[in-house]
Every structure is written in structure tokens, then in C-alpha cells.
Amino acid sequence: MAKECPICGELTLEPRTGEFRFDPPANIPGGTMVIQDAAWEECLQCGERLLSPELDNALDVEQYKRIGLLGPDKIKDARQRAGLTQAEMSQFLGIGEKTYTRWESGRSIHSKSSDNLIRLADRYPELFVQMEAQRDPNRENLIAEYFRGLDKPRESNTYAMAAHGAELDPALAGLLLERLRLIAENRRKG
Ligand SMILES: [Zn+2]
């Protein structure tokens, strides 16, 4: 029994299963996308196709893969590895929390420059801590607080700790200390 099409209003919407073919927009390379074992509804009158959530998701995954960007799951994994909340991650990336949340839920696609930043945050979370510290108008207090906390890392600067997933190995602590000393020195000089 055919259902009513939400686009043209005719009773010509029919269930379909099998191979689904989709021609993506021109900015996505690789030509026609082909998804096997798909399920969707198609209108015999106007040609509108209504996709199942699974098919919609399969097309999204294929799209992220083709444009070489991290998919929503990978973005979330990166944030969780760094031990950051969505609010903290969006602050590090310099974007609104709502925008960031849409990337993680797959409701919108991030840019290549954001993709670079997310990959950097994943691999070198300490860089983001340093940049935040350098921008902070209250940075001398922040630096002093960080120095005081170095011997008991679990209680120190929450951003630093969050970014390290509550682990700060001695080599990294030494490196951070050195950088922070330089910042403090330059600040005093000029
Ligand atoms: Zn229709």
C-alpha cells in the first residue's frame, strides 16, 4: 500500500530496498555514491526519496571519508582522549559550543582548518593550554598557579590537567615549565 508523498501529496510513496545510488554535490570528489543493502522510500510521481536513518548515516560516513575530514565519532574520540568537555573543546578551537556540538552530532560538517585544529588538539593538547595561557589577561597569576601545582599535578590548573587527561609525565611538565618561564621572562622585559 503506497503512502502519501510529503512533497507532491500524491499516494505514490513506495518502500524500496537494495542498492542506493546518490550523486553528491560537485565539491565532494569520487562520483556517484553506492550504498548496498539500503532501505528508503521513493515517490513514483515526483521522484522524491526519503532515506532511513541508517542510509543517511552511511552516506554521511562516505562523505567524510571522501573529503578527508574526521567524522563525528572521530571528533568525539579526540575530545574524550584529551579529557575535555564540549565547552572546553569549543573554547580551545575558538568557536561557539553550539557549533562544536553540531560537528560531534554530525548535523553540520566542519572546515578543513577546524579539522587541522582538532587533529592538533588530539596530538598536542599542551599547545592549546600554552596558547590559552598566553592570551589570558590574568596570565601571570595563571603561570604562578601552574608553577605551584607542578609538584602535585592532580590538583593543578584544570585546563592543563583536562588537556592531559589528568596525567602529566615529568618530561612534558619540564617542557611546559621551560616555555612558561620564557613567557614570564618576556613579559617582565617588555
Ligand atoms: Zn512525490
Side-chain angles (χ1 to χ4, degrees), residues 1-129 131-132 135 158-159 161-166:
M1 180 70 191
K3 285 165 39 183
E4 184 179 321
C5 171
I7 304 301
C8 68
E10 298 292 328
L11 288 168
T12 47
L13 195 64
E14 297 209 324
R16 289 269 187 278
T17 54
E19 187 183 274
F20 185 85
R21 301 177 73 84
F22 172 69
D23 292 314
N27 60 335
I28 296 173
T32 305
M33 293 179 179
V34 181
I35 308 290
Q36 305 295 337
D37 302 319
W40 70 98
E41 292 176 313
E42 195 162 327
C43 177
L44 301 177
Q45 184 66 33
C46 72
E48 179 68 16
R49 299 191 293 184
L50 303 177
L51 314 191
S52 65
E54 293 78 19
L55 177 53
D56 212 27
N57 188 52
L59 287 170
D60 277 351
V61 168
E62 177 65 20
Q63 184 170 321
Y64 283 107
K65 204 164 78 184
R66 287 191 184 187
I67 52 186
L69 299 179
L70 296 167
D73 291 352
K74 293 271 164 47
I75 294 176
K76 188 176 180 181
D77 286 349
R79 175 178 62 77
Q80 288 180 333
R81 265 197 300 277
L84 298 172
T85 65
Q86 291 187 333
E88 288 165 343
M89 185 72 163
S90 61
Q91 189 184 344
F92 280 153
L93 296 174
I95 54 161
E97 189 181 349
K98 279 184 183 163
T99 300
Y100 176 76
T101 308
R102 281 197 288 271
W103 297 347
E104 237 184 55
S105 64
R107 274 174 293 152
S108 71
I109 297 181
H110 57 295
S111 64
K112 187 179 173 186
S113 63
S114 298
D115 200 75
N116 287 337
L117 285 178
I118 294 164
R119 287 171 197 268
L120 281 174
D122 190 18
R123 291 184 63 184
Y124 310 106
E126 68 277 11
L127 288 179
F128 285 77
V129 176
M131 289 186 286
E132 285 294 318
R135 268 193 300 264
T158 49
Y159 274 128
M161 293 322 298
H164 291 290

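Whatever order the structure lists them in is the order used to number ligands and atoms, beginning at 1. Owing to the predicted nature of the structure, the values given are computational and were not obtained by experimental measurement. Every heavy atom of this structure was used, including side-chain atoms; hydrogens, water molecules and symmetry mates were not. Index from 1, following the sequence.
The environment of CZ in Arg66 is crowded: more than 12 heavy-atom neighbours from other residues, nucleotides or ligands sit within 6.0 Å.
Among pairs with a residue in residues 101-117, those fulfilling salt bridge (charged side-chain N to carboxylate O under 4.0 Å, His left out) read Arg79-Glu104, Asp115-Arg119, at least two apart in sequence or across chains. For residues 50-77, no residue pair satisfies the ring-ring contact (aromatic ring centres under 6.0 Å, His included) rule, not counting sequence neighbours.
Near-neighbour remark for the Zn ion (ligand 1): protein N, O or S atoms under 2.8 Å are Cys5 SG, Cys8 SG, Cys43 SG, Cys46 SG; waters not counted.
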Determine all donor-acceptor pairs shorter than 3.5 Å in which one atom belongs to a side chain in residues 35-43; sequence neighbours excluded.
{"from": "Gln36", "atom 1": "NE2", "to": "Glu19", "atom 2": "OE1", "distance (Å)": "3.3"}
{"from": "Trp40", "atom 1": "NE1", "to": "Glu42", "atom 2": "OE1", "distance (Å)": "2.8"}
{"from": "Glu41", "atom 1": "OE2", "to": "Lys3", "atom 2": "NZ", "distance (Å)": "2.7"}

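Taking the side chain as every heavy atom from C-beta outward, Leu70 and Trp103 never approach each other to under 4.5 Å.
Atom CZ in Arg49 sits 10.0 Å away from atom CZ in Arg21 (nearest 0.5 Å).
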